[in-house]
Amino acid sequence: MNNDLLAGLNAEQLSAVTWPAKSALVLAGAGSGKTRVLTTRIAWLLQTGQANPASILAVTFTNKAAREMQTRLAAMMPVNVKTMWIGTFHGLCNRLLRMHYRDTGLPQTFQILDSGEQQSAIKRLLKSLDISDEKFPPKQVQQFINGQKEAGVRAGELSAHDPYTKKLIELYAAYDAQCNREGVVDFAELLLRSYELLSRNAALCEHYRARFRFLLVDEFQDTNRLQYAWLKLLAGPDNALFAVGDDDQSIYAFRGAEVGNMRALLADYGVAGPVRLEQNYRSAGTILDAANALIERNDGRLGKQLWTAAGPGDKIRLFDAYSDGEEAQFIVDEVKALKRDGWSLSDMAVLYRSNAQSRILEHVLVQAGVAYRIYGGLRFFERQEIKHALAYLRLAINPDDDNALLRVINVPARGIGARSVENLQTASREQGVSLWQAACGAGGGRTAGKLAEFVLLVEKLRQRCEPLNLAEQVSLVIDESGLRAMYEADKKDGEERLANLDELINAATGFMPQEPQLAVVEFLTQASLEAGDHQADAGEDALQLMTVHAAKGLEFNAVFVGGLEEGLFPHENSFNDPKGLEEERRLMYVAITRARQRLYLTNAQSRMLHGQSRYPIRSRFVDEIPAELLQVLSATVKAAPVTSRSSWAEPAFVQQKAVARQGGWRVGQSLSHTKFGAGVVINAEGAGDDVRLQINFAEHGIKWLDLRYAADKLTSL
DNA sequence: TCGATCTTCACTAGG
DNA sequence: TGAAGATCGA
């Protein structure tokens, strides 16, 4: 029966799937059947009797990936996937903490803060400590705290000599204290808490080690320090850690991912080397050749060459537009041409480096009447109406939830303004009680009446919710809080928001809690852990628009990569750091390898960015692709008869367009200044004798220089 | 308290 | 450019 399971695997896949019961690193190239290997590995372990479902723990980064793994596994063999622990790092940690909440010092009903809520908690903390949020921007404090948590370090273990860091450490400590007081945890805390739970409780740790003999990790290149430490803790000395990843697709260093974990795993577990999955089942040969040539320029790779049994396919089409508008027009025209040829819109994608690039595309798409769908933007559980409703629900369970209280104390407006809230916060601080308790005890004052009404409302919600089931509670809260009335009165987008609130009631109706008496808590937890899909109505056949990051893991018959310009892709923020540039190159590698048959690379010679025109030069990444793989298209024959398949064809000669230059300098050019050192031109203004350059210096930051004075201090690099 | 106006800021983003 | 947050006046 094994044969069934293993049929159709290539030699490398087979070697990975049937790897003995010890640790391994699988270096899985783009389109090499990674998910298949992972799920088949689990099925094989079960089928050969090496593992039972309870001894499997599989970790992914996204809920989508976790679901996909479960679905595919269930399709592969009749096994109850519920007995396995398959989920995201955060989902599994949440599970551990809920099960052992007594050992963690958390209330059973602890709530999870998303990053927005974490930030408002920090703002509130700064205010209560009377610390200026100019000197300590909440975002930076948040980054510091999360960074420390991801390094596994608590405030108490830190020390510093400079007053600034000292203050940050104090804030970290105060933030944790506030969270503990309020019974909430942020995302990083989920990880760190469960790490500490296991590392401080030998018996518990031993219990899980004895249970989870087989740990499997997807997208291992995206793990941060703490996640790897967590895995190592669970693996202990005896269990098998099977990690699948691709160092060439590591594009999340900016949020703490450590590609180094891949090499570390080899060393830590004495694995001779990675199993390489290099056969690609997705893209045409030319596309792979381009990807290979590009990524070869990066240093320190584990090394891998993608190849395909399929033919070379089409050349990669290159279009050099004179403006961002022309670039968008080209893409849309080409999409229409492909559609006429029978390609479906949903099998085509436009990828870009940054979300701002979608605007002009949308504009042209609307004009052309082409259906499109943008990934990105608000997700379901991030919408304000949903957050408001959930905040009332939270107050109904636990009125001491200051975050929730602050969110809705004046929504809908009930005459409790900023002033009154501030008074309330002062009172709560002075008395050392929650805002709710302070509100309950509030005596005089101008808004005391309004406050009392709010207290009464929450009390009423609490009492009336008690006997109700989850869906009834959600519904009650929406009606009684006044949210429904508020959105009914809202002419602008009230209708849509009401529809979303109804959708929330639907979600609550269909929700299946593990423990019925904790249904509300579980529902709220799920809402924090799974914010929902980025895109709405997936039904219609529509062109897909998304960032390259969002495209990771996806594939399309035709892919357009737009904005291939120095400063944009690679992004200028990565110019002064070689590591940053390598990550940009990996991002380009990800973009290229999304395409099955057809790949278009486009750039514009002028682009509106932040309301200013820029004249960037073409991205170095285009030049890093061997010329023989490229076919240059040009607009010169745009007026060709409509019988032409595409209105943009290869010209008889490649038109040499003038590159925008200012005083001999170009945007994107690297240079050196006698005083400021190395930098890159990121913008230019003026003409003739009166030219100013904006330069991003590695050491001195961004400066405008007047060429009349600076010209002789600059040298090209 | 609320709306209108001003200022600021800008890459990528999962749980 | 344009969205979002801060500030100001009614």
Side-chain angles (χ1 to χ4, degrees), chain A residues 59-66 87-95 112-120 123 133-134 137-139 143 146 150 185-191 194 218-219 222-224 226-227 250-257 324 351-360 363 375-379 381-382 384 410-421 446-447 450 525-534 546-553 563 567-575 580 583-584 586-588 590-591 607-614 682-683 702:
Chain A
V59 205
T60 62
F61 274 86
T62 65
N63 292 297
K64 194 175 156 210
T88 62
F89 279 101
H90 295 87
L92 297 178
C93 286
N94 173 63
R95 194 164 167 180
I112 299 163
L113 300 184
D114 66 30
S115 20
E117 291 162 339
Q118 182 186 33
Q119 204 178 318
S120 41
K123 276 188 193 154
D133 53 5
E134 287 202 338
K139 267 208 190 85
Q143 228 184 339
N146 290 340
E150 279 165 20
V185 297
D186 56 56
F187 286 131
E189 184 71 23
L190 279 175
L191 268 297
S194 70
D218 190 17
E219 305 279 14
D222 290 340
T223 51
N224 63 33
L226 182 55
Q227 285 159 340
S250 162
I251 55 174
Y252 284 113
F254 70 91
R255 67 176 197 211
D324 45 0
L351 310 183
Y352 34 78
R353 175 68 236 267
S354 80
N355 285 304
Q357 289 168 254
S358 72
R359 182 165 297 140
I360 190 155
H363 179 75
Y375 286 68
L378 270 194
R379 295 144 85 198
F381 283 99
E382 288 169 353
Q384 62 152 54
N410 199 33
V411 181
R414 47 173 73 89
I416 307 174
R419 198 66 249 211
S420 325
V421 171
R446 262 187 300 140
T447 48
K450 315 261 185 193
T525 299
Q526 208 213 17
S528 320
L529 249 32
E530 195 163 353
D533 233 328
H534 258 314
M546 67 192 83
T547 63
V548 181
H549 283 92
K552 191 173 146 204
L568 192 58
F569 197 179
H571 197 273
E572 63 205 30
N573 293 358
S574 63
F575 281 170
E583 177 140 327
E584 295 286 307
R586 292 191 292 268
L587 198 53
M588 182 66 182
V590 168
R607 180 175 298 276
M608 267 307 227
L609 205 63
H610 310 328
Q612 275 186 316
S613 280
R614 287 193 179 204
I682 58 175
N683 204 355
I702 296 174

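Here the structure is a predicted model, which is why all the values come from computation and not from measurement. Both backbone and side-chain heavy atoms feed into the values below; hydrogens, waters and symmetry mates do not. Residue numbers begin at 1 in each chain, while the letters A, B, ... track the order of the sequences.
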> Atom CD of A:Gln143 and atom C1' of B:dA13: how far apart are they, to the nearest Å?
Replying inline: 13 Å
> Using the rule for Phe, Tyr, His and the six-membered ring of Trp, do A:Tyr252 and B:dT12 stack at under 5.5 Å and under 30°?
Replying inline: no
> For A:Lys552 and A:Asp222, what are the C-alpha separation, side-chain angles and deciding distance, and is it a salt bridge (Lys or Arg N to Asp or Glu O under 4.0 Å)?
Replying inline: CA-CA 12 Å; A:Lys552 191 173 146 204; A:Asp222 290 340; 2.7 Å; yes
> Is the shortest side-chain N/O distance from A:Asn224 to OP1 or OP2 of B:dG14 below 4.0 Å?
Replying inline: no
>> What is the distance, to the nearest angstrom, from the CD atom on A:Glu572 to the C1' atom on B:dT12?
In response: 14 Å
> Hey, where on DNA chain C does chain A first and last touch, going 5' to 3'? Cut-off is any atom under 4.0 Å from a heavy atom.
Replying inline: C:dT1 to C:dG2
> If the C1' atom of C:dG5 is compared with that of B:dT12, how far apart are they to the nearest Å?
Replying inline: 23 Å
>> Is A:Arg379 close enough to B:dG15 that one of its side-chain N or O atoms is under 4.0 Å from OP1 or OP2 there?
In response: yes
> Taking atom types as they are modelled, is there a donor-acceptor pair under 3.5 Å from the base of B:dG15 to the side chain of A:Ser115?
Replying inline: yes
>> Determine whether the aromatic ring of A:His549 stacks with the base of B:dT12, defined as ring centroids separated by less than 5.5 Å and ring planes inclined by less than 30°.
In response: no
> Given atom CG of A:Asp114 and atom P of B:dG15, what is their separation to the nearest angstrom?
Replying inline: 12 Å
>> From CZ of A:Arg607 over to C1' of B:dA10, roughly how many Å is that when rounded to an integer?
In response: 15 Å
> Would you call the rings of A:His549 and A:Tyr252 parallel, tilted or perpendicular, where under 30° means parallel and over 60° means perpendicular?
Replying inline: tilted
> A:Glu150 has an atom CD; how far is it from atom P of B:dA13, in whole Å?
Replying inline: 17 Å
>> On DNA chain B, does the nearest nucleotide to A:Glu530 precede the nearest nucleotide to A:Ala418 from the 5' side, or the other way round? Give the residue.
In response: A:Ala418
> CD of A:Gln143: more than 12 outside heavy atoms within 6.0 angstrom?
Replying inline: no
>> Looking at B:dG14, I'd like to know if its phosphate oxygens (OP1 or OP2) sit under 4.0 Å from a side-chain N or O belonging to A:Thr88.
In response: no
> Hey, is A:His610 doing a stacking thing with B:dA10, by the 5.5 Å centroid and 30° angle criteria?
Replying inline: yes
> If the C1' atom of B:dC11 is compared with that of C:dA6, how far apart are they to the nearest Å?
Replying inline: 24 Å
> A:Phe381 has an atom CZ; how far is it from atom C1' of B:dG14, in whole Å?
Replying inline: 16 Å
> Starting at NZ of A:Lys139 and ending at C1' of B:dT8, how long is that distance when rounded to a whole Å?
Replying inline: 11 Å
>> Please confirm whether the shortest side-chain N or O distance from A:Asn63 to OP1 or OP2 of B:dG15 is below 4.0 Å.
In response: yes
